[in-house]
Amino acid sequence: MKKVTCFFLAVLMSVPLSRCGSPAQTMEDGTGGHNDSASDTADSGADTENVRQISVRGSDGQNIVFQLNGSSAAESLYSQLPLTVQVENYSDNEKIFYPPDELDTSGSPLAEGPAGVLAYYEPWKDVVMFYGRCDGAAGLYELGDVISGADQIERLHGEIRIESESERKDIMERPDMMEKAYRMGKAVWLWTEKFRYGQEGS
């Protein structure tokens, strides 16, 4: 009788122990899934923060914004900003300019698409802004796409200014930087006028 009682006690003690293990495992699995989801969300947020945009400003007030695609060629261009260069016409659908240094095209995708494609033509070492369709060509690599001001590309001429869009916004949003830029511009203008009058007087 004593042996039977001990057997039943052993069975009763084993039941709750086995049931506790299962929910604990389920909770652990559920927690793991939640962490994976949070990780994916964080990665997605990080990707959004790493998106690079550049602005191209023309002499007549044009302001065109391109979003870069993160390729090695796009990063090579971004690392050279800000730039002040001459824009040129080419064919009937392109505006081109020459960055100071060649771009690294390793692993970069070939360019093809509608108007607004930003590309790099490796054989000529020039950056191309398409205001008409880009049909693609050997050695033509995609840098990104226009996100605003596509209709202004065709009107670009002469000198253009290319900057990181985030840095340009930071300056515009900081009154102290705007004031500093204004004072510097005024000082340059006064110096220029003084020099011009001095030349005329002599």
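These values consider heavy atoms only, across backbone and side chains, with no hydrogens, waters or symmetry-generated copies.
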Pair Val146-Ile64, side chain to side chain contact (heavy atoms under 4.5 Å, CB included): steps then yes or no:
CA-CA 7 Å; Val146 71; Ile64 304 144; 3.7 Å; yes

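- Cluster membership for Leu81 and Ile160, using ILVMFWY side-chain heavy atoms within less than 4.5 angstrom, is shared.
- No donor-acceptor distance shorter than 3.5 angstrom exists from the side chain of Ser108 to the backbone of Tyr141, with no hydrogens or angles considered.
- In this structure, the side chain of Gln80 engages the main chain of Asp101 through a donor-acceptor pair within 3.5 Å.
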Could you walk me through whether Tyr120 and Thr105 pass side-chain hydrogen bond (donor to acceptor under 3.5 Å, both in side chains), step by step?
CA-CA 9 Å; Tyr120 177 66; Thr105 60; over 6 Å; no

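- Residues Tyr78 and Met129 share a hydrophobic cluster, clusters being chains of Ile/Leu/Val/Met/Phe/Trp/Tyr side chains in contact below 4.5 Å.
- You'll find the side chain of Ile54 stays beyond 4.5 Å of the side chain of Glu165, heavy atoms only.
- Not one N or O on the side chain of Lys95 forms a donor-acceptor pair closer than 3.5 Å with the backbone of Phe130.
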Asn63/Ser55 under side chain to side chain contact (heavy atoms under 4.5 Å, CB included): CA gap, chis, key distance, verdict
CA-CA 7 Å; Asn63 186 25; Ser55 65; 3.8 Å; yes

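- Tracing side-chain contacts under 4.5 Å through hydrophobic residues (I, L, V, M, F, W, Y), one reaches Leu140 starting from Trp124; they form part of the same cluster.
- A 4.5 Å side-chain heavy-atom check between Ser71 and Glu142 finds every atom pair outside the cut-off.
- Looking at Asn93, its side chain does come within 3.5 Å of a backbone N or O of Arg133 through a donor-acceptor pair.
- For Asp60 (side chain) and Leu156 (main-chain N/O), no donor-acceptor pair under 3.5 Å exists by modelled atom type.
- When all heavy atoms of Val117 and Ala111 are compared, the pair lying nearest together is CG1-CB, 4.2 Å.
- Among the candidates Val127, Val128, Asn89, Val87, the single residue satisfying the side-chain contact (heavy atoms from CB on, under 4.5 Å) test with Ile96 is Val128.
- The side-chain heavy atoms of Leu143 and Leu103, taken from C-beta on, include a pair separated by under 4.5 Å.
- Side-chain atoms of Gln67 and Asp145, non-hydrogen and from C-beta on, never get closer than 4.5 Å to each other.
- Put simply, the side chain of Gln152 does not reach to within 4.5 Å of the side chain of Tyr131, judged on heavy atoms.
- Judged purely by atom type and a 3.5 angstrom limit, Gln53 has no side-chain atom pairing as donor or acceptor with the backbone of Ser164.
- At a threshold of 4.0 Å, the pair Arg52-Glu75 counts as salt-bridged, since one of the basic side-chain nitrogens sits closer than that to a carboxylate oxygen.
- The side-chain heavy atoms of Val56 and Gln62, taken from C-beta on, include no pair separated by under 4.5 Å.
- In this structure, Ser72 contributes its side chain and Asp104 its backbone to a donor-acceptor pair below 3.5 Å.
- Of the possible polar contacts, none joining the Ser91 side chain to the Glu94 backbone as a donor-acceptor pair under 3.5 Å is found.
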Let's go through Tyr90 and Tyr121 carefully: what are the C-alpha distance in whole Å and the side-chain angles of both, what is the deciding distance for side chain to side chain contact (heavy atoms under 4.5 Å, CB included) to 0.1 Å, and is it a yes or a no?
CA-CA 12 Å; Tyr90 184 77; Tyr121 189 49; over 6 Å; no

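- In this structure the side chain of Ile162 never reaches within 4.5 angstrom of the side chain of Pro82, judged on heavy atoms.
- Residues Arg57 and Thr84 are not in side-chain contact: their nearest non-hydrogen atoms beyond the backbone lie 4.5 Å or more apart.
- With salt bridges taken as basic N to acidic carboxylate O contacts below 4.0 Å, none links Glu159 and Arg161.
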For Tyr98 and Gln86, run side chain to side chain contact (heavy atoms under 4.5 Å, CB included): C-alpha distance rounded to whole Å, both residues' side-chain angles, the deciding distance at 0.1 Å, then the answer.
CA-CA 8 Å; Tyr98 294 87; Gln86 294 291 318; over 6 Å; no

